[in-house]
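Notes follow the structure.
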Amino acid sequence: MLNQLCLCAQIKSLNELRYTPAGLPVLTMWLTHESWQMELQQRFLAKMEIQAKALGDLAAHWPYQPGSMVEIIGFLSQKGIYHSRPVLHIQQIREYKG
């Protein structure tokens, strides 16, 4: 089944780099998005915040700071066994130049 998301967003905040018990680097952050979309032939202001995370080399060599505009490709999954809130797992990222 398909579960892929492409999102242009601003990095709102970054947590400190941490490591899993197996030594895998993990970087969690909050992203914000705001854009005008068309829905039923009407303009709709779509606004949201979502938690995201990067793992492995992407997390260890993270080049972006809060305030950066980025384009992200990834997938959604629930935060954990007991938390169904979605988290965006980042697979690719690049600076968004508008």
Side-chain angles (χ1 to χ4, degrees):
M1 282 198 228
L2 183 61
N3 178 358
Q4 187 172 38
L5 179 70
C6 180
L7 179 69
C8 294
Q10 184 174 39
I11 299 172
K12 180 179 178 181
S13 63
L14 285 172
N15 291 350
E16 298 237 354
L17 184 67
R18 66 178 182 83
Y19 293 86
T20 67
L24 185 66
V26 179
L27 184 62
T28 58
M29 67 201 74
W30 281 93
L31 305 172
T32 60
H33 171 88
E34 185 174 318
S35 65
W36 286 99
Q37 302 295 319
M38 291 299 291
E39 183 173 45
L40 299 173
Q41 291 80 42
Q42 298 288 325
R43 284 174 37 104
F44 174 78
L45 180 58
K47 295 171 75 170
M48 65 163 219
E49 287 188 7
I50 190 166
Q51 188 175 25
K53 69 178 175 178
L55 296 128
D57 286 341
L58 185 59
H61 304 291
W62 189 259
Y64 305 105
Q65 298 300 317
S68 298
M69 290 295 296
V70 292
E71 181 179 309
I72 294 169
I73 296 174
F75 64 91
L76 295 172
S77 184
Q78 67 184 35
K79 182 173 175 152
I81 296 171
Y82 303 109
H83 303 282
S84 61
R85 184 177 74 231
V87 174
L88 174 57
H89 290 245
I90 300 170
Q91 296 173 305
Q92 298 175 34
I93 188 166
R94 66 180 182 176
E95 185 177 5
Y96 179 70
K97 300 192 184 217

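Here the closest heavy-atom approach between residue Pro25 and residue Ala59 is recorded as O-CB, 3.8 Å.
Between the side chains of Ser35 and Gln37, at least one donor N or O lies within less than 3.5 Å of an accepting N or O.
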Side chain to side chain contact (heavy atoms under 4.5 Å, CB included) between Met48 and Leu7, worked out
CA-CA 11 Å; Met48 65 163 219; Leu7 179 69; 3.7 Å; yes

Using side chain to side chain contact (heavy atoms under 4.5 Å, CB included), reason through Ile90 and Val70 one step at a time and then give a plain yes or no.
CA-CA 11 Å; Ile90 300 170; Val70 292; over 6 Å; no

Apply side chain to side chain contact (heavy atoms under 4.5 Å, CB included) to residues Leu5 and Ile73 and explain how you reach the verdict.
CA-CA 6 Å; Leu5 179 70; Ile73 296 174; over 6 Å; no

Applying side chain to side chain contact (heavy atoms under 4.5 Å, CB included), run through Arg85 and Gln78 and close with a yes or a no.
CA-CA 5 Å; Arg85 184 177 74 231; Gln78 67 184 35; over 6 Å; no

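The cluster map of Ile, Leu, Val, Met, Phe, Trp and Tyr, joined by side-chain heavy atoms under 4.5 Å apart, puts Ile72 and Trp62 in the same cluster. Under the 4.5 Å side-chain contact rule for hydrophobic residues, Met29 and Leu58 share a cluster. The cluster map of Ile, Leu, Val, Met, Phe, Trp and Tyr, joined by side-chain heavy atoms under 4.5 Å apart, puts Leu55 and Leu27 in different clusters. When the side chains of ILVMFWY residues are joined at heavy-atom separations under 4.5 Å, either directly or via intervening members, Val87 and Tyr19 end up in two distinct hydrophobic clusters. Both Leu76 and Ile11 are members of a single hydrophobic cluster when ILVMFWY side chains are connected at heavy-atom separations under 4.5 Å.
Between Arg18 atom CZ and Thr28 atom OG1 the span is 6.5 Å, to the nearest 0.5 Å. With rounding to the nearest 0.5 angstrom, the CG atom of Leu31 is 9.5 Å from the CD atom of Gln51. In this structure, the separation between CH2 on Trp30 and NZ on Lys53 is 13.0 Å, given to the nearest 0.5 Å. Taking SG of Cys8 as the start and NZ of Lys97 as the end, the distance is 13.0 Å to the nearest 0.5 Å. To the nearest 0.5 Å, the span separating NZ on Lys12 from CG on Leu14 amounts to 12.5 Å.
In this structure a side-chain-to-backbone donor-acceptor pair under 3.5 Å is present from Gln10 to Gly67. A donor-acceptor pair under 3.5 Å links the side-chain atoms of Tyr64 to the main chain of Glu95, judged by distance alone.
Counting heavy-atom neighbours within 6.0 Å of Tyr96 OH, excluding the residue itself, gives a total of 12 or less.
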